[in-house]
Structure formats: structure tokens, C-alpha cells
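Values below: all heavy atoms of this structure, side chains included; hydrogens, waters and symmetry mates excluded. Order of the sequence lines fixes the chain letters, A, B, ..., with proteins taken first and strands second; residue numbering starts at 1 for each chain.
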2 protein chains.
Amino acid sequence: MSIKEQIMKTLKHEILTLTLKPGTILSETVLSERFQISRTPLRDVLKQLSLESYIDIYPKKGNLVSFIDLESVEQIIYLRSVLEKEIMKYLSAHLVLKGVHELKEILDRQKAAIHEVDATEQFLNLDDAFHAALFRLAGREFLWNLIQQSNVHYVRYRRLHMLRQEKLEEILTEHQRILEYMTRQETDKLDALIHHHLREDINSLYLQENFSDYIKV
Amino acid sequence: MSIKEQIMKTLKHEILTLTLKPGTILSETVLSERFQISRTPLRDVLKQLSLESYIDIYPKKGNLVSFIDLESVEQIIYLRSVLEKEIMKYLSAHLVLKGVHELKEILDRQKAAIHEVDATEQFLNLDDAFHAALFRLAGREFLWNLIQQSNVHYVRYRRLHMLRQEKLEEILTEHQRILEYMTRQETDKLDALIHHHLREDINSLYLQENFSDYIKV
DNA sequence: ACCACAAATCTTGTATACAAGTTTTGAGTA
DNA sequence: TACTCAAAACTTGTATACAAGATTTGTGGT
């Protein structure tokens, strides 16, 4: 992996985990000192981060870690729920046994993760792994990757929501029911479940009340 | 509009209209002479074009206009057909009168465009305008813009298909029927129509036979 | 104390010299 | 003629000096 890719991976990770808080200034000179590299390749990295909405570039002023855009979150959730409904319907008819085992294994690991010390971190990774597997098994990995490129706001939104422990149990249960309905080919029940699974919290005011300084106005 | 934005717009247009054919070399020095600007801002433009799949950058070798990736075309068509089915269903229930007029006007202009000298060009723009209006009227402009960012392969694919005059009449007719079913709230007929409207030609071998040197292997 | 305004100090944007890798060229040799 | 292999001519990648704009600071005047 090239140095630029490493730097980008590092910065993306710090932004997604909110180690770098929304609004933080990312100065080219400061970063070039931190990573011991000149401004030119760093500018390449910042350009790409900007195109993927990780940061906002204000010409001749500076670069800020972007604030969480709830409009983007709502639109991505809608996109995913529409797509995943269709994908589940497809998988109900075409899912192979090997795929079922793969999904079950992810759920087992997720169950085990709940009571680990870094529960949230592990849980989020496995949540992504579950949904990514569904896309991949349906031959739609391309679209999963497409969505991932516009995911900064959604990922951070979800992370803040999951700080509440009780959410983890709820999500695991829903995952298990999704797999259940799919294998039993109860497609009619899937729609409502997916809708709830992805969409439930978007209208709650939890974020606005507790993390208002992270949110785009 | 900044100089960089102008250059980007120019290059994008030339690539999408196939003025710059897939495989064409875009050398930094040649472009910097053409646009009378140094390599640095040009590299910014090329970086962005690469992230949006307009070009492929081979480090230390060169930059090529990307070949048309049929896998990407199929995935985008699937994405659009799934999304647009849902959007039509929504609009059947919520479309306001003003929206109907707006869509009708686009179709009138499209009808008039068929026999113009630059029919294909005008027709494609109005085709986009029609579908964009549907997204916008459903409050999903965000997703339309998201799709547009991954559209290089699909746009060029469609352009080559539309070289056949008879396609234009067919598309216009389907647009008219879409609007018709929507206003009559015949949602059951919409699914199949959208599917056909977007998906029809993907399995034909027309492109592979006539433009094999534009296609990614 | 407060205001105005200019200068200093930040920021990113651009041009350019040089580094490093790849491809092409062509001379020398069998 | 055909082949080898090194040198030259390309390509993009990086570092850096300087340009240009935005912000902050601080000083002089009231």
C-alpha cells in the first residue's frame, strides 16, 4: 500500500470513529509535519477526502472535518432500504446453503461481541459484514461499494446511535429474523422488517439533543 | 466558475460525447499546453476525473480515457430500475398537478426534438431531464445526483445505443405511458414498464458487435 | 477605553525544478 | 537480418518557492 493510501486510510478511520470531531481544522502544513511528507501528495489525499464528503475545503481559508448531514443520512437509509428489500426478495428464492452458513456465522460472532469491552466497534464491523454479505450473495457487491463511497454521514450517525447498549441486542435480533424469514421464504414479512431495521431511529431527536455540535445546520 | 471547473467540464463533455474515445491518452504536459495552465491544477482535475471513472491513471505510465464497463452499466440500470419503481409508486399517490404539467412539457419538447438535426443530443438531454424531474418531484434529488456521479459508463453506453433512430420513438412512447399510468394510479402496470424501459437493451449484442474497441474486456 | 486601519501572519493555489519509473529508440554485435 | 542491452526520451510523482487571498494582530489616533 502506498504512503498516500495509508494516510488516507488513517484519516478516514479517525473521521469515521469521531476521533477527529466534525469542525476540526486539517491544515496542510500541520498534516505534512505529522506524516513527514510534502504538501503535494497530501493535497491529493485531501482532494479525495473532500470528494467523498469527509471534509469541506474552503479555498484559501482551510479544510474542516465535515459536520454530519442528516439529509444525507435519510437519503442513504432510503436508498438502502429500497435496495435491500429487493435483494432479500431475490435471495429468498436464490440463496444457496453455503450463503446461509456464512450469514449464520457472522451472527454468531455478533452475538459473542455484545459483551466484549469494545462491543460497539466490533458490532459495527459485523453489522457491515452482514449487510455486505447480503449484497455480495445477490451479485450486487458493486452497489454496496457505491453506497460505501457516500457513507461518511451515515456511518458517524449510526456510531453515535449505537452508544446506547440496548440498541445492540435489538439489531442482532432483527438480523436473526431477517435470515429466518429469508430461509423460510416469507417474503411478505421482510419488507416491513427491513424498513424498521434501517429506518427506525431517523426521526428520533436523540442526536440533535446530545450531539448538536456535530450536526450540520 | 473557476478555470479548473471549466477544464473539468470540457473534458467530461468530450469524454461523454465520445469525442475523446476510450483508450485515448491524456498526457499532463499536452493538456497543460492546450489549456495554458501548469501541471499542478491539471493534476487536480485528472485526479477527480479518475475518481469518477472518466479516466484510468496508471502511475508513471499515463492516463487513459476509460473503456466502457458493461458490468457497471448493468449495475446502474438495476439500481435505477429498483429506485424508479419505488419513486413511481410514491408519485402515483403524491404527484401534484404542477408536476404533471412539468413532465408533460418535457415530453412535448422531446417530441419536437426527434426530427431536429441534432436529435440524439437533444433527446438525451431531455431524457435525463424527464428522469431527473421524477426524482426531484419525489424528494430524491440527492439520489439522482449520487447516481450521476457514477454514470460515465452508462451515459456512453446509452449514447451508442441511441444512434439508431427508431429507438427515439420507442423511448418517447414509453415516457408517455409512464406518465399516463402514474396519473391514473395504475401502479401495477408501472413495474413492468420501468423494467422494460431501462433494462431492455442490456442483453443485446449490438455494442459488442459494433463498438468492440470501446468496451472493457 | 475604543475604534480604524494597516501590517504581519496565517491559509491554500500555482508554477516549476527535479526525482523516479517506464517505454522507446537505436547502436553495436553476432 | 535479428537480437541484446544500454542510453535517451518519454511518463507521472514529489518537494519547494512563491503568489494570492483571508484572518488576526497590534499600533496609532481619538
Handout entry: Donor-acceptor contact present, side-chain A/His94 to main-chain A/Tyr90, <3.5 Å
Key = yes
Practice task
Rounded to the nearest angstrom, tell me the gap between atom CG in B/Leu64 and atom P in C/dT22.
Solution key: 16 Å
Exercise for the section: Provide, to the nearest angstrom, the distance between the NZ atom belonging to A/Lys47 and the C1' atom belonging to D/dT14. Expected result: 18 Å
Exercise for the section: Examine B/Tyr157 together with B/His161 and report whether their ring centres are nearer than 6.0 Å. Expected result: yes
Handout entry: A/Asn63 side-chain N/O to C/dT11 phosphate OP1/OP2 under 4.0 Å
Key = no
Exercise for the section: May I ask you to say what A/Leu26 touches in the nucleic acid, namely base, sugar-phosphate or nothing, with a heavy-atom cut-off under 4.0 Å? Expected result: sugar-phosphate
Practice task
Please work out which residues in residues 30-44 of chain B have a non-hydrogen atom less than 4.0 Å from an atom of DNA chain D and list them by number.
Solution key: B/Arg39, B/Arg43
Practice task
Flag the pair B/Asp118 / B/Phe123 as yes when at least one side-chain heavy-atom distance between them is below 4.5 Å, and no otherwise.
Solution key: no
Handout entry: Atom-pair distance (NZ on B/Lys60; C1' on D/dT12), nearest Å
Key = 7 Å
Practice task
Using atom CD1 of A/Ile25 as one end and atom P of D/dA22 as the other, report the distance to the nearest whole Å.
Solution key: 16 Å
Handout entry: Any A/Lys4 side-chain nitrogen or oxygen under 4.0 Å from OP1 or OP2 of D/dT14
Key = yes
Exercise for the section: Return the value, rounded to whole Å, for the distance between atom CD of A/Glu28 and atom P of D/dG21. Expected result: 17 Å
Problem - Between A/Ser66 and A/Arg156, a side-chain donor and acceptor under 3.5 Å - result: yes
Exercise for the section: Answer whether the closest heavy-atom distance between the side chains of A/Thr24 and A/Lys21 falls below 4.5 Å. Expected result: yes
Practice task
Rounded to the nearest angstrom, tell me the gap between atom NZ in B/Lys61 and atom C1' in D/dC10.
Solution key: 14 Å
Problem - Nearest-Å distance for atom pair CD1/P, residues B/Ile57 and D/dT14 - result: 12 Å
Exercise for the section: If the plane angle is over 60° it's perpendicular, under 30° parallel, otherwise tilted; pick one for A/Trp144 and A/Phe135. Expected result: tilted
Exercise for the section: Indicate whether the side chain of B/Gln148 and that of B/Asn151 have a donor and an acceptor atom separated by less than 3.5 Å. Expected result: yes
Practice task
Using whole Å, report how far CD1 of A/Ile3 lies from C1' of D/dA15.
Solution key: 13 Å
